[in-house]
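All residue numbers refer to positions in the sequence shown, counting from 1.
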Amino acid sequence: MDKKRLEKYKVDLKKQFASIENVEQLNDLKITYMGKKGIIPALYSQMRDVDASEKKTFGELINDLKNTFNDGFNEIKDLLEKKKIESLIANETIDVTLPATKIKMGSPHILEKLIEELESLFISMGYDVIEGPEVESDYYNFELLNLPIGHPARDAQDTFYITDEMLMRSQTSPVQVRTMLANKEKTSIRIVCPGKTYRRDNDDATHSHQFTQMEGLLIDKKISLADLKGTLDIIAKKLYGNDRETRFRPSFYPFTEPSVEFDISCFNCGKTGCHICKQTGWITVAGAGMVHPNVLNGCGYDAEKYTGFAFGFGVERLAMLKYGINDIRVFYTNDLRTLSQFARRDGDENDD
Ligand code: DAH
């Protein structure tokens, strides 16, 4: 063993450290120097042959070489790890200025949207939302609504019969009957009932064999026509704005007495008369009235004690008014170009 050789090892080692570029090279170097058959273990085993007087000097030189190796190794390892992390971070940097991926949002059907809006208005006034069956019995759809077999007013609702007794409901009014009958204590009632209704109409711009109604029923003590008028007026103003005018015209329905038609001033012409309001300046959106005593009594309510009002909105009419749609078929052809124009909330952009 000689001193010069040992010093040369150190110089070589430093040179090799300087040329290391990656972890693999560093590990190879470790095997060369520290591995079982590596330079440093070999030097230690050669110490056996070194003269006792020189053992200390050589021992120190080998230890120094080993320390140089360990220090260099750790330093370079840290450096390489740091570099690796830095490059990872650089590669994973998110460019926040890039345009985001658009998430396509569905939107509710126009009628569904309007029904939800009506429901929340009525709920805020203390009403419950009730649904009833679309396949209905003649008894609930007509009989208990003061429309016995042979009554001429049945003709106005050209009905799809399934059997002599069963039919596709021609109105949502049977849900009134069902609710009154189901209320065994015969206490007050405040409900709205949205749903599909069916009539044997030929489809055109203003008729559809399947359409939507929202029925309302309020039963309590001392209810008058003024309550009905106030309620419908508030709903119209909430839906269409405070400057929208409303009016009530006398009418006839077998299940109400007196009966009225509820009109809203035309959205299109502002009451001067146009093709949409048929030159009248008004559009009828609901039939309504004071619940007929025969209906109350037939459903177990004492008409001497209880009075009430009922109404039936045509939901398509309301939607046509609100959104300026002039063909009822728009609601049923499910054209995405139409539907996607309606966001969940008015004023929101539809994400399309
Ligand atoms: N059911 C009626 C129709 O389809 C609308 C209606 C009128 C409902 C008066 C009512 C009412 O509850 O009181 O034409």
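- More than 12 heavy atoms of other residues, nucleotides or ligands shown are found within 6.0 angstrom of NZ on K237.
- For K196, the NZ atom is loosely surrounded, since the number of other residues' heavy atoms within 6.0 Å does not exceed 12.
- The CD atom of E24 sits 9.5 Å away from the CG atom of L80 when rounded to the nearest 0.5 Å.
- Checked by atom type and distance alone, the side chain of T163 pairs as donor or acceptor with a backbone atom of M166 at under 3.5 Å.
- Here the rule is salt bridge (charged side-chain N to carboxylate O under 4.0 Å, His left out) with D263, and of K271, R317, K278, R247 only R247 fits it.
- At least one donor-acceptor pair under 3.5 Å links the side chain of Y301 to the backbone N or O of T187.
- Interatomic distance, T246 OG1 to D233 CG, rounded to the nearest 0.5 Å: 3.5 Å.
- Between the N74 side chain and the N70 main chain, a donor and an acceptor come within less than 3.5 Å of each other.
- Using a 3.5 Å distance cut-off with no hydrogens or angles, the side chains of T333 and D335 do not pair a donor with an acceptor.
- Taking all atoms of both residues into account, the shortest heavy-atom contact from N326 to M320 is C-CE, 3.8 Å.
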Does the pair D2 and K4 meet the rule for a salt bridge (Lys or Arg N to Asp or Glu O under 4.0 Å), with working shown?
-> CA-CA 6 Å; D2 79 67; K4 279 227 172 93; over 6 Å; no
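- In this structure, the separation between CD1 on I123 and CG on D128 is 8.0 Å, given to the nearest 0.5 Å.
- Under a hydrophobic-cluster definition in which Ile, Leu, Val, Met, Phe, Trp and Tyr are linked whenever side-chain heavy atoms come within less than 4.5 Å, directly or via other members, L321 and Y332 are assigned to the same cluster.
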Test side-chain contact (heavy atoms from CB on, under 4.5 Å) on I235 and L118 and set out the steps.
-> CA-CA 8 Å; I235 293 296; L118 276 168; 3.9 Å; yes
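- Checking side-chain atoms of R190 against main-chain N and O of M125 turns up a donor-acceptor pair under 3.5 Å.
- Relative orientation of the F252 and H151 rings is parallel, given thresholds of 30° and 60° on the angle between their planes.
- Within the 3.5 Å criterion, the main-chain N or O of N334 finds no donor-acceptor partner in the side chain of T338.
- Shown here is Q279, whose CD atom has more than 12 heavy atoms of other residues, nucleotides or ligands within 6.0 Å.
- Linking Ile, Leu, Val, Met, Phe, Trp and Tyr residues whenever their side-chain heavy atoms come within less than 4.5 Å places I189 and V291 in a single cluster.
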Between V260 and F311, does a side-chain contact (heavy atoms from CB on, under 4.5 Å) hold up when you go through it step by step?
-> CA-CA 9 Å; V260 293; F311 53 85; over 6 Å; no
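- Two residues are said to be in side-chain contact when any heavy atoms from C-beta on lie closer than 4.5 Å; K238 and I234 meet this criterion.
- Closest of all the heavy-atom pairs between S170 and Q157 is OG-OE1, 2.5 Å.
- Both F255 and Y140 are members of a single hydrophobic cluster when ILVMFWY side chains are connected at heavy-atom separations under 4.5 Å.
- For the residue pair N63 / Y44, a side-chain donor-acceptor distance below 3.5 Å is found, with atom types taken as modelled.
- The local environment of NZ in K186 is crowded, with over 12 non-hydrogen atoms from other residues, nucleotides or ligands closer than 6.0 Å.
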For K113 and E117, what are the C-alpha separation, side-chain angles and deciding distance, and is it a salt bridge (Lys or Arg N to Asp or Glu O under 4.0 Å)?
-> CA-CA 6 Å; K113 184 169 136 81; E117 194 177 341; 5.8 Å; no
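- When side chains are defined from C-beta on, I191 counts as touching C193, because their heavy atoms get closer than 4.5 Å.
- Taking the side chain as every heavy atom from C-beta outward, Q341 and I110 never approach each other to under 4.5 Å.
- Proximity of E261 to Y253: side-chain heavy atoms (C-beta onward) are separated by under 4.5 Å at one or more points.
- A donor-acceptor pair shorter than 3.5 Å cannot be found between the side chains of N202 and H207.
- Nearest heavy-atom pair, L339 versus S107, reported as atom, atom and distance to 0.1 Å: O-OG, 3.6 Å.
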For L228 and L232, run side-chain contact (heavy atoms from CB on, under 4.5 Å): C-alpha distance rounded to whole Å, both residues' side-chain angles, the deciding distance at 0.1 Å, then the answer.
-> CA-CA 6 Å; L228 168 67; L232 294 189; 3.9 Å; yes
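- Minimum interatomic distance between Y161 and D164 (heavy atoms only, all atoms of both residues): CE2-O, 3.8 Å.
- Residues T159 and M168 form no side-chain contact, since every pair of their non-hydrogen atoms from C-beta on lies 4.5 Å or further apart.
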Tell me, with the steps shown, if E136 and R178 meet salt bridge (Lys or Arg N to Asp or Glu O under 4.0 Å).
-> CA-CA 11 Å; E136 189 50 285; R178 287 175 171 274; 2.8 Å; yes
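- Residues R329 and D203 approach most closely at NH1-O, 4.5 Å, considering heavy atoms.
- Ring geometry for F122 versus Y127: interplanar angle over 60°, hence perpendicular rather than tilted (30 to 60°).
- Residues V192 and F313 form no side-chain contact, since every pair of their non-hydrogen atoms from C-beta on lies 4.5 Å or further apart.
- Between the side chain of Q25 and the backbone N or O of E21, at least one donor-acceptor pair lies under 3.5 Å.
- Side chains of Y33 and F73 form no contact here, defined as non-hydrogen atoms less than 4.5 Å apart.
- Panel note: side chain T172, backbone G195; no donor-acceptor pair is recorded below 3.5 Å.
- The shortest side-chain heavy-atom distance between F331 and I328 falls under the 4.5 Å cut-off.
- Within 6.0 Å of CD in Q46 there are more than 12 heavy atoms belonging to other residues, nucleotides or ligands.
- For CD of E304, the number of neighbouring non-hydrogen atoms (other residues, nucleotides, ligands) closer than 6.0 Å is 12 at most.
- Looking only at distances, a side-chain donor or acceptor of Y240 sits under 3.5 Å from a matching main-chain atom of L318.
- Side-chain contact check for Q176 and E215: at least one donor-acceptor pair (N or O, by modelled atom type) lies under 3.5 Å.
- One N or O on the side chain of N146 and one on the backbone of P254 form a donor-acceptor pair closer than 3.5 Å.
- Atom CD of E165 and atom CG of N141 lie 10.0 Å apart (nearest 0.5 Å).
- Separation of atoms CG (L181) and CG (L144) is listed at 6.0 Å; rounding is to 0.5 Å.
- A pairwise comparison of heavy atoms in E119 and P194 identifies OE2-CG, 3.4 Å as the closest pair.
- In this structure, F17 is a member of the same hydrophobic cluster as V23, with clusters built from ILVMFWY side-chain heavy atoms closer than 4.5 Å.
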Would R154 and E143 count as a salt bridge (Lys or Arg N to Asp or Glu O under 4.0 Å) if you check the C-alpha gap in whole Å, the side-chain angles of each, and the deciding distance to 0.1 Å?
-> CA-CA 10 Å; R154 282 191 175 210; E143 197 84 19; 3.7 Å; yes
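- Considering CD1 of I40 and OG of S45, their distance stands at 12.0 Å, rounded to 0.5 Å.
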From CA spacing to verdict: side-chain contact (heavy atoms from CB on, under 4.5 Å), F69, I39 | CA-CA 11 Å; F69 179 86; I39 292 168; over 6 Å; no
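- For the residue pair T284/R249, the side-chain donor-acceptor check at 3.5 Å is satisfied.
- Of the possible polar contacts, none joining the E134 side chain to the R169 backbone as a donor-acceptor pair under 3.5 Å is found.
- For the residue pair E245 / S265, no side-chain donor-acceptor distance below 3.5 Å is found, with atom types taken as modelled.
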